[in-house]
There are 2 protein chains.
Amino acid sequence: MDSRAGLISAALALFARRGYDAVGVQEVAERAGVAKPTLYHFFGSKQGLLEALFDEYASRLDKQVESAAEYFGDLPLTLDRIAAAYVEFARQEPVFYRLELALHSAPPDSIGYQIATRHYSRRLATIEGVFIKAVRQHGNMRGRHQRYALSLVGIINLYVSLQLNERLIITDRVCHEMVHQFSHGIYS
Amino acid sequence: MDSRAGLISAALALFARRGYDAVGVQEVAERAGVAKPTLYHFFGSKQGLLEALFDEYASRLDKQVESAAEYFGDLPLTLDRIAAAYVEFARQEPVFYRLELALHSAPPDSIGYQIATRHYSRRLATIEGVFIKAVRQHGNMRGRHQRYALSLVGIINLYVSLQLNERLIITDRVCHEMVHQFSHGIYS
DNA sequence: AGTCGTATATACCAATCGGTATAGAGGATG
DNA sequence: CATCCTCTATACCGATTGGTATATACGACT
């Protein structure tokens, strides 16, 4: 079949469960039912495999966040839409979201952190843009937009990880309250 | 000098920067200025080294949280004290806190996750106890104390990681507002 | 038919992995 | 002096690591 897709899906499952460093290329290839040179034919290196994996999954989230972050003058509504985009994506791709959370918190000099952070900070910049545009309505933010974006994503990730561990179900209502909680932290 | 302490401090620095799996025992021993068998004499295995490291650092946090969590009938005050304990510890041991955050978010089948989670859930149980005791004053929590404890620690970790990345300085006031933000999420 | 590019397997590489067998150094105790 | 215990170094182990050289199978296109 499609060896490339099979390798990416095998890598996702293994990396998410045991970690990038702890899983060998050999095992990924075996699980995908191909030999090692096939992996190297498509991805060039183990790192290339992880990059391709992120390009496939994370860029979908990037786009959904980007379209949710279009700003038409209503900040609370836009934040709701951004949060909903994250939550919806986490519902569609829970295994990948787990991997992303792990790599985003990983040690800063690790391969995984660096790859995950590329997409992460791209999304962050998108969200910062919302706060910058909203300044005109909500007054001076004194350069705090970066911290706001980090906090919003941080709270979203907190709720999502609660959901991934089956401690919470994020309904539309919970999602709205989550954004409300973030806003409460901002305006004080 | 004290080879044991030197090994633990070398391991902390290396694991926090590049990750448990990516660092070999060889390199830890070299950085500590001793040979590999010395490491195995004290810790028995690579995993034993990580466990000893956690026993040394995390149990200090365990105790500080435990004493902060003594409940005398004032829930907001107790939560403030718990948050302050975390923040103070993160200020004292930023490198270890980084490592703990990384391992707590690591893939569930990884060695690091399992070791970090032992201490993590012990602290969680302590905090759950506070909410359970507070039920008498604050009404029925319908078994939500676990989620509350997770959320509180999650928000604390969010703020602490902002501080670790030099995006925020957690003053006493910020710490209090952080708890306030958590409470706001609870009562809605 | 012949040729070329993609995709795949067998078999291999040096290097590193976690871990250990053995022996010696050095202080304390008898 | 002899013994014992703690600690440490040299040198090694088999297994696995990421990565590759070579050869081939299979279409598609000329």
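Chain letters run A, B, ... following the sequence lines, proteins first, then strands; residues in each count from 1.
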Proximity to the side chain of [X] - top-ranked nucleotide from [options]:
X      : options                   : result
V25(B) : dA11(D), dG18(C), dG19(C) : dG18(C)
T38(A) : dT8(C), dT20(C), dC7(D)   : dT8(C)
F42(A) : dT8(C), dA21(D), dT20(C)  : dT8(C)
A35(A) : dC7(D), dT10(C), dT6(C)   : dT10(C)
S45(B) : dG19(C), dT20(D), dC7(D)  : dG19(C)
P37(B) : dC7(D), dG19(D), dT20(C)  : dT20(C)
K36(A) : dT10(D), dT6(D), dG18(D)  : dG18(D)

| task | Verify the distance criterion only: is there a donor paired with an acceptor across the side chains of N157(A) and Y86(A) at less than 3.5 Å? | result | no
| Do we see a donor-acceptor contact under 3.5 Å between the side chains of Q181(B) and E177(B)? | no
Calculate the interatomic distance between [X] atom [atom1] and [N] atom [atom2]; express it in whole Å.
X      : N       : atom1 : atom2 : result
L50(A) : dG18(D) : CG    : P     : 13 Å
L39(A) : dT20(D) : CG    : P     : 12 Å
Q47(B) : dG19(C) : CD    : C1'   : 14 Å
L49(B) : dG19(C) : CG    : C1'   : 14 Å
F43(B) : dG19(C) : CZ    : P     : 13 Å
E27(B) : dC17(C) : CD    : P     : 8 Å
Q26(B) : dA11(D) : CD    : P     : 14 Å
F15(A) : dG18(D) : CZ    : P     : 9 Å

Please work out which of the three classes, parallel, tilted or perpendicular, describes the rings of [Y] and [X], given edges at 30° and 60°.
X       : Y       : result
Y120(A) : H104(A) : parallel
F182(A) : F131(A) : tilted
H184(B) : H180(A) : tilted

Would you say [X] reaches [N]'s phosphate, i.e. side-chain N/O to OP1/OP2 under 4.0 Å?
X      : N       : answer
S3(B)  : dC7(D)  : no
Y40(B) : dG19(C) : yes
H41(B) : dT8(D)  : no

| task | Would you mind classifying the nucleic acid contact of V23(B) as base, sugar-phosphate or nothing, using non-hydrogen atoms under 4.0 angstrom? | result | sugar-phosphate
